[in-house]
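First listed ligand is number 1; within each ligand, the first listed atom is number 1. Counting begins at 1 with the first residue of the sequence.
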Amino acid sequence: MNPIIILGAGHAAYSLAREIRRHNQDQTITLITRDSGDSYYKPNLSKALASSKTPEQLVLKTREQQEQALNITVLAHRQVKSIEPNNQVLELENGEWLPYASLMFATGAESRRFEIAGNANAEVLHVNDLDEYRIFTDKIQHAQRVLIMGAGLVGCEFANDLHSQGIASILVDPAPFPLAALLPAPLGNALQKALTDIGVEQFYGCTVSQLTATDSGYEAQLSNGESLDADLVLSAAGLSVDTTLAASANIQCERGIVVNAQLATNQANIYALGDCAEINGQLRPYIAPILPSVKALAQTLLGNPTDVVFGAMPVSVKTPCCPVVACPPANTNGGEWRIEGEQDNLIARFEQAGKTTGFACTGYATSRAKTLQQEMA
Ligand SMILES: Cc1cc2nc3c(=O)[nH]c(=O)nc-3n(C[C@H](O)[C@H](O)[C@H](O)COP(=O)(O)OP(=O)(O)OC[C@H]3O[C@@H](n4cnc5c(N)ncnc54)[C@H](O)[C@@H]3O)c2cc1C
């Protein structure tokens, strides 16, 4: 029997291997990943400083431990060169061909990179995996002030985590307030104030237009005319899916790898899940959608075709200065936010035709997140 091959060794890949194994002890499963295959929980990367965890301590299981625990093979530090969907084979970079029964893309997403004028573009740090986190933790040993481009979930979490180590940070974002993709303005403003209170400088409605390396670090010119100094620059400006390999196999791709409700691509026996998958025009770059995806996909692979159902999936933002839980509405047509609470402790319900179709809460009000989620059912 040809193996099920899973590309990647992140949360989606290992969760799928575990779920298939739960139902089937005999099926050969091979993971092919460009990283070491050691598994870690990626959301921990932006809160590990506060918990004094080194990058090594973030590894939950080594590749060998995962291979043993799940009875699978993990080909680490390997890349796929090409896929021939009609023959159900793929070619590794070394020219070796591997047949597959089913092929799963669980290749995640890449940090979005963009050109910034000046001489320091190549020195901008990104943290989207454990190796990049190692580089980041080495560099911050000598830093007192870190410029973070992007005040979304990752940028805000790093700002708060750096503060726990006495390292100052500066957030720059083109939106009018932090977490603008997840929160209505009053809640974003509450988070902004809490970050200000712990000493995080913030610049909204502007971008870094030029970055120059100086003798002592970096000088950033902002599009609003201001200029800033920092010892390090971290980009947290979102993710984009690398669709090159999938597209080269004539798999339909848009912002991600396009899949149907059963996570199937337009090529027979090729599926995608996790950050790389696009369903109904939507990317879902969070942990929570992975569980229903692997449950449904494992059933489909066992011969019981199953649609994935996501339901309401709140995201918790790990900013201890002002915790946030957000579950934005799928669309905002004809609806509006209703907000209650005071100071940092706010609840926002998004209401459409008399129904709560999204919510967000901050501060102590995050203890109401479960109840708010139930209101959406
Ligand atoms: C700092 C940070 C904090 C986060 N915090 C949260 C949070 O609090 N809550 C939340 O819900 N989400 C959070 N996320 C997002 C969450 O971690 C991701 O949604 C999740 O890890 C995606 O899992 P994945 O398996 O799809 O992708 P990944 O974990 O990115 O795994 C992709 C795997 O594919 C491999 N790969 C990539 N390309 C190839 C290739 N061509 N060939 C072979 N292998 C390849 C990679 O090496 C990796 O092993 C956070 C993300 C970051 C970066």
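Using a 4.0 Å heavy-atom cutoff, Val80 is absent from the residues neighbouring ligand 1. Residue contact annotation: Ala277 has no non-hydrogen atom under 4.0 Å from ligand 1. For the ligand labelled ligand 1, residue Leu245 lies outside the 4.0 Å heavy-atom shell.
Judged by distance alone, the side chains of Asn121 and Glu115 do bring a donor and an acceptor atom under 3.5 Å apart.
Applying the 4.0 Å criterion to heavy atoms of Val127 picks out, from ligand 1, the atoms 53 (C). Residue contact check: Gly108 has heavy atoms under 4.0 Å from atoms 26 (O), 27 (O), 30 (O), 32 (C) of ligand 1. Using a 4.0 Å cut-off to heavy atoms of Gly10, the atoms of ligand 1 that qualify are 25 (O), 29 (O), 31 (O), 33 (C), 49 (O). Interface of Gln79 with ligand 1, defined as ligand atoms under 4.0 Å from a residue heavy atom, comprises 40 (C), 41 (N), 42 (N). Near Tyr286, with a cut-off below 4.0 Å to any heavy atom, the atoms of ligand 1 are 10 (C), 11 (O), 12 (N), 19 (O). Within the listing of ligand 1, atoms 43 (C), 44 (N) sit less than 4.0 angstrom from a heavy atom of Ile32. Numbered from 1 in the order shown, with element, the atoms of ligand 1 that lie under 4.0 Å from a heavy atom of Ser316 read 8 (O). Less than 4.0 angstrom separates some heavy atom of Ala106 from each of these atoms of ligand 1: 32 (C), 33 (C), 34 (O).
Residue His11 places at least one N or O, backbone or side chain, under 3.5 Å from an N or O of ligand 1. For ligand 1, the polar-atom distance check finds an N/O of Pro285 within less than 3.5 Å of one of the ligand's N/O atoms. Of the polar atoms of Ser46, none of the N or O atoms is found under 3.5 Å from an N or O of ligand 1, judged by distance alone. The shortest N/O to N/O separation between Val315 and ligand 1 does not fall below 3.5 Å. Residue Gly274 places no N or O, backbone or side chain, under 3.5 Å from any N or O of ligand 1.
Between the CD atom in Glu375 and the CD1 atom in Ile347 there is a gap of 8.5 Å [rounded to 0.5 Å]. If you take CD1 on Ile83 and CD1 on Ile251, they are separated by 5.0 Å, rounding to the nearest 0.5 Å.
Summarising the local packing, CD of Glu342 is surrounded by 12 or fewer heavy atoms from other residues, nucleotides or ligands at distances under 6.0 Å. No more than 12 heavy atoms of other residues, nucleotides or ligands sit less than 6.0 Å from atom CD of Gln68.
Around atom 18 (C) of ligand 1, the closest heavy atom drawn from Ile290, Val317, Asp242, Asp275 belongs to Asp275. Remark: among candidates Lys42, Lys318, His77, Arg34, the nearest residue to atom 36 (N) of ligand 1 is Arg34, based on non-hydrogen atoms.
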Q: Apply salt bridge (Lys or Arg N to Asp or Glu O under 4.0 Å) to Glu336 and Arg338, showing your working.
A: CA-CA 7 Å; Glu336 61 179 336; Arg338 292 200 190 285; 3.3 Å; yes
Q | Stepwise side-chain hydrogen bond (donor to acceptor under 3.5 Å, both in side chains) test for Asp231 and Gln144 | A | CA-CA 7 Å; Asp231 304 318; Gln144 275 155 14; over 6 Å; no
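Remark: Lys81 does not engage Glu93 in a salt bridge, criterion side-chain N to carboxylate O under 4.0 Å. Between Glu219 and Arg145, none of the side-chain N atoms (NZ, or NE/NH1/NH2) sits under 4.0 Å from a carboxylate O, so this pair counts as no salt bridge.
In this structure, atom 37 (C) of ligand 1 lies nearest to the protein heavy atom Thr107 O, 3.1 Å. Looking from atom 48 (C) of ligand 1 to the surrounding protein, the closest heavy atom is Asp35 OD2, 3.5 Å. With hydrogens left out, the protein atom closest to atom 2 (C) of ligand 1 is Val154 CG2, 3.7 Å, a heavy atom. Regarding atom 35 (C) of ligand 1, its nearest protein heavy-atom neighbour is Gly8 CA, 3.6 Å.
Residues Leu273 and Leu301 are members of one and the same hydrophobic cluster, defined by side-chain heavy-atom contacts under 4.5 angstrom among Ile, Leu, Val, Met, Phe, Trp and Tyr. A chain of hydrophobic side-chain contacts below 4.5 Å, direct or via other Ile, Leu, Val, Met, Phe, Trp or Tyr residues, connects Ile270 to Ile32. Tracing side-chain contacts under 4.5 Å through hydrophobic residues (I, L, V, M, F, W, Y), one reaches Ile29 starting from Leu297; they form part of the same cluster. Tracing side-chain contacts under 4.5 Å through hydrophobic residues (I, L, V, M, F, W, Y), one reaches Leu16 starting from Ile279; they form part of the same cluster.
Here Pro43 has heavy atoms under 4.0 Å from ligand 1 in both its backbone and its side chain. When heavy-atom distances to ligand 1 are checked against a 4.0 Å cut-off, Cys276 has no atom that comes that close, whether in backbone or side chain. In Thr33, the parts holding a heavy atom less than 4.0 Å from any atom of ligand 1 are both the side chain and the backbone.
Using a distance-only test at 3.5 Å, with no hydrogens or angles considered, no donor-acceptor pair links the side chain of Ser169 to the main chain of Ile167.
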